[in-house]
Engineer: 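Okay, handing you the structure first.
This chain uses plain numbering: 1 for the first residue, then up along the sequence. Keep in mind that what you see is a predicted model, and the values were worked out from it rather than measured.
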Amino acid sequence: MQKGKYHTLYIGLFLFFLFVGGQLANAQNVEGQVYYFDVNGNKKPGADASLYFAGSGEKITANKEGRFSLSKKIADPVYLFASHVGFQTDSILINPQEAKAIEFHLKEGVQLKEISITTSKQGSTISSFSILKSEQISSTGLVKMACCNLAESFENSATITSGYTDAVSGVKQIQLLGLSSIYSQVLAENIPTIRGLAAVFGWNYTPGTWLEGVQLSKGASSVVNGYEAITGQIDLEYKKPEKREDLFINVVTDTSKCVDVTLTSSRKVAKSLWTNLLLNTSIANNVHDRNHDHFLDMPKTKLVEAFNRWLYVSPSKKVESRTGVRFLYDDRIGGQSAACHTASIYYVTDIENKDFNLYNKTGIRLNDDKGQSLGIINSFTYHEINSSFGSASTNKLYAGNEKTGYSNIIYNSYLQNPDHQLSTGLSFMYDNYDTHFQDLFNQTPLTPINRQEIVPGIFGQYTYSYLKKLTVILGLREDYNSHYGWLFTPRSNIKYNLSPDIIFRASAGCGYRAPNVIADNIGLMASTREYDVSNLNALKIEKAWNFGGNVTFYVPVWSKEKLTLSLEYFHTYFNNQIIVDLDRSRYNVYFYNSKSSNQTDVWQADASFTPFRRLDIFAAFRYNLNKVTLSDGTQSYLIEKPLVSRYRGLLNISYATKFRKWVFDFTAQLNGPTRIPSLTGYTTQATQSPLYHVYFAQITRNTKRTDIYVGVENITDYRQLTPIINSEAPFAKGFDASQTWGPIMGRKIYAGLRFKIGKRD
């Protein structure tokens, strides 16, 4: 289908739903008043209290007198909630066609001494309200393993696969829907992050204990945040400044003698001002060479990062502003050393990353009755990388920096009532990459890889909700990229409740991604392969379409317990993809654009069940079919994409005793075979990695102030015994440490402490 036809089709659908939505509007008005009682028991209006219906993510705000009015189609009784910072949330059951005025009476949130109310919260759940198929990993799920960083937090996720980029740098990356994480958009509370030069490294820079939760959404997502999402979105929710936490410290160490320390603290510093500080350091200096290949199994690392966040709220001006500043320094040295090898020249890898980010998000409520608000987001990022692989005289070098500016202005409003919502806005992205590559071993001269992108954009998104059954989102955006030209991005999502226990979801849309092929494939630097640099600066932007659907069943089993069963399928088709060709020759790597058949199909089934209180069971199986078209310039070959697991199974069992004093977690992974890149050309018989299992276990003892946990990763000590090809000759043709498909370190035993000091909300 031609581009003009796509414009016509999606604009037509957008206008159609806009018209039909207006005709179907027939909502019930719910009006009322919010009050609160001060410390003397006096009744006062609850100015700026938030109100929302159960199961709805949309909120309105009461005016200065505490009054509110909202429209909602109510077919069945539904709870209306009222909340305000510092007060206990109140709720009232609203019946269909109920006309009486409603009054809320909020009480201050007082913590009673010697009384503890404990709830059981699953580590990973499927949202029944989200229009996208979303897996929500809570703070409970993020502590099921040591989780020193975000990449490790996904070991018990059915959606994401985590693995090493190579056998020397210790860098972990992830895959979503059978494709590298570079095709997923990562957001930090609606601000794009882990992109550009940090697209691979960033997964190692976010401690799990900094987060309140992670939401994984598959398929075409909102156009509000840009055009980069192809396979889905990953939204990170950090600990909030307004949630008081005097001091939280997490210390964990393991048998590799790596020590990781995380500290978080939140305080209210003025009437309308809150702040929190997040600190993390990770140090590993021990030498490991279990397979005796004279290479460190894991590099020596030094990581230090700090994140300071502020919240300002002005109820009278209806303004909320969040500001944050973050610094990061990471240095990892791997390869050979005198401690594990005796040689005149050592093969050494040294990767240094520095990152600085400053952002502000400001929200302004314009007209609460009409749901009108304005959001303004501004962010600046500076990232610097310096990397060297080899010796001083025969190494590969990749270094440079990235400067990124991001702005987004979002206007939200109801169209007649909350069932019809419109989000429109303007965005601006500035990316400036100043990097260079040099390969002294293969005598490749210093090659500048520079690119500047100035991208203004405009977008509109319409959301229609019909009762509790149907939700439709249609979004369009148009961007002009100064380097790649016009980019048109249509996306659509639908969610339909066939019954209270059967939910259907579908999505379709396209996305784009500008390539940074050296940084995106940093693991390939750990080889003596010669890079084809002839067209590194001429590569075109990648474009892909994603189509998918999901059916979720809530199956009654006994009493009130239900089995959650989810079946899904997603198809990703590339109109243009960057190919990293490792199969043409074992001594070279080629980068080029391919407009041929490059596609991925993913089927997944998962089930979760709580057979009795405090016992959670989750099981999943995923099958990937990933095909790419390789070409030597004269002939094309459609083959399976290398180093992508063909299938994966997962089982997680979690049990907690009363009041969660003891928590037991067990995870089992089944990892299917992957195709290993050929060493002798396209037509060579494919070599596959073996099927293997990995097991994890953890025991946690929770007390009021201290949690103690011990665990084991890779219980059976399964390892890829020879992850480095020709490790005995690192300065000869054929050396390659980038062909990793399995665990490298083997069994790891860890222990940790979590301290909670002072008051916590």
Engineer: How about K172: does its NZ atom have over 12 heavy atoms from other parts shown lying under 6.0 Å from it?
Structural biologist: yes
Engineer: Tell me if the NZ atom of K733 is crowded by more than 12 foreign heavy atoms within 6.0 Å.
Structural biologist: yes
Engineer: Check E189 with R322, please: is the shortest side-chain N to carboxylate O separation under 4.0 Å?
Structural biologist: no
Engineer: Does F389 have its ring centroid less than 6.0 Å away from the ring centroid of Y347?
Structural biologist: no
Engineer: Looking at CG of N412 and OG1 of T463, how far apart are the two atoms once the value is rounded to the nearest 0.5 Å?
Structural biologist: 9.0 Å
Engineer: Salt bridge check: are R513 and D520 linked by an N-O gap of less than 4.0 Å?
Structural biologist: yes
Engineer: Apply the test side chain to side chain contact (heavy atoms under 4.5 Å, CB included) to residues Q233 and N225: give CA-CA distance (whole Å), side-chain angles for both, the deciding distance (0.1 Å), then the verdict.
Structural biologist: CA-CA 10 Å; Q233 279 185 346; N225 299 304; 3.6 Å; yes
Engineer: Could you give the distance from CG (L187) to CG (D235), rounded to the nearest 0.5 Å?
Structural biologist: 5.0 Å
Engineer: Nearest 0.5 Å please: distance from the CG atom of L176 over to the CD1 atom of I182.
Structural biologist: 12.5 Å
Engineer: If you apply the rule side chain to side chain contact (heavy atoms under 4.5 Å, CB included), what do you find for F459 with L476, and how did you get there?
Structural biologist: CA-CA 6 Å; F459 59 87; L476 302 170; over 6 Å; no
Engineer: Determine, stepwise, if the pair N401 / K403 fulfils side chain to side chain donor-acceptor pair (under 3.5 Å).
Structural biologist: CA-CA 7 Å; N401 64 73; K403 303 178 187 71; 3.0 Å; yes
Engineer: Is it true that a side-chain atom of N598 and a backbone atom of T629 form a donor plus acceptor pair closer than 3.5 Å?
Structural biologist: yes
Engineer: Taking only Lys NZ, Arg NE, NH1 and NH2, and the carboxylate oxygens of Asp or Glu, determine whether R326 and D355 approach each other closer than 4.0 Å.
Structural biologist: no
Engineer: Checking D431 against R195 for the salt bridge (Lys or Arg N to Asp or Glu O under 4.0 Å) test, could you report, in this order, the C-alpha distance in whole Å, the side-chain angles of both residues, the deciding distance, and whether it holds?
Structural biologist: CA-CA 11 Å; D431 281 322; R195 60 182 301 276; 2.9 Å; yes
Engineer: Apply side chain to side chain contact (heavy atoms under 4.5 Å, CB included) to the pair N516 and R451, showing each step before the final yes or no.
Structural biologist: CA-CA 10 Å; N516 298 290; R451 188 176 77 251; 3.2 Å; yes
Engineer: Test D350 against S388 for side chain to side chain donor-acceptor pair (under 3.5 Å), laying out the working first.
Structural biologist: CA-CA 5 Å; D350 188 357; S388 171; over 6 Å; no
Engineer: Would K543 and Y512 count as a cation-pi pair here, with the cationic atom under 6.0 angstrom from the ring centre and within 45° of the axis?
Structural biologist: no
Engineer: Would you say L303 and N280 make side-chain contact, with heavy atoms under 4.5 Å?
Structural biologist: yes
Engineer: Is there a side-chain contact between Y398 and L197, using heavy atoms and a 4.5 Å cut-off?
Structural biologist: yes
Engineer: From N386 CG over to T435 OG1, what is the distance, rounded to the nearest 0.5 angstrom?
Structural biologist: 11.5 Å
Engineer: Please check if the side chain of D736 supplies one atom and the backbone of T528 the other of a donor-acceptor pair under 3.5 Å.
Structural biologist: no
Engineer: Under the ring pair (Phe, Tyr, Trp, His ring centres under 6.0 Å) test, which residues partner Y590, sequence neighbours left out?
Structural biologist: none
Engineer: Is N481 reaching over with its side chain to a backbone N or O of H483, donor-acceptor style, under 3.5 angstrom?
Structural biologist: yes
Engineer: Run the numbers on D532 and R584 for salt bridge (Lys or Arg N to Asp or Glu O under 4.0 Å), then give the verdict.
Structural biologist: CA-CA 12 Å; D532 176 15; R584 189 187 304 184; 5.8 Å; no
Engineer: Looking at residues at least two apart in the chain, or sitting in another chain, which of them share a ring pair (Phe, Tyr, Trp, His ring centres under 6.0 Å) with Y411?
Structural biologist: none
Engineer: Charged N to carboxylate O under 4.0 angstrom, D439 versus K396?
Structural biologist: yes
Engineer: Using side chain to side chain contact (heavy atoms under 4.5 Å, CB included), reason through I579 and N593 one step at a time and then give a plain yes or no.
Structural biologist: CA-CA 6 Å; I579 300 297; N593 286 98; over 6 Å; no
Engineer: V325 and side-chain contact (heavy atoms from CB on, under 4.5 Å): which single residue from Y359, F356, F307, F380 fits?
Structural biologist: F356
Engineer: So, E568 and K218, do they make that salt bridge, N to O below 4.0 Å?
Structural biologist: yes
Engineer: Nearest 0.5 Å, what's the OG-CG distance between S391 and L440?
Structural biologist: 8.5 Å
Engineer: Looking at E352 and K302, is any side-chain nitrogen of the basic one under 4.0 Å from a carboxylate oxygen of the acidic one?
Structural biologist: no
Engineer: When you compare the side chain of Y484 with that of D479, does any pair of heavy atoms fall below 4.5 Å?
Structural biologist: no
Engineer: Does this structure show an ion pair linking K627 with D601, if we count only N-O contacts that are shorter than 4.0 Å?
Structural biologist: no
Engineer: Compute the centroid of each ring, for Y480 and then for W486, and state whether the two points are separated by less than 6.0 Å.
Structural biologist: yes
Engineer: Measure the CD1-OG1 distance between I376 and T362 for me, rounded to the nearest 0.5 Å.
Structural biologist: 6.0 Å
Engineer: Less than 6.0 Å separating the ring centroids of F570 and F547?
Structural biologist: no
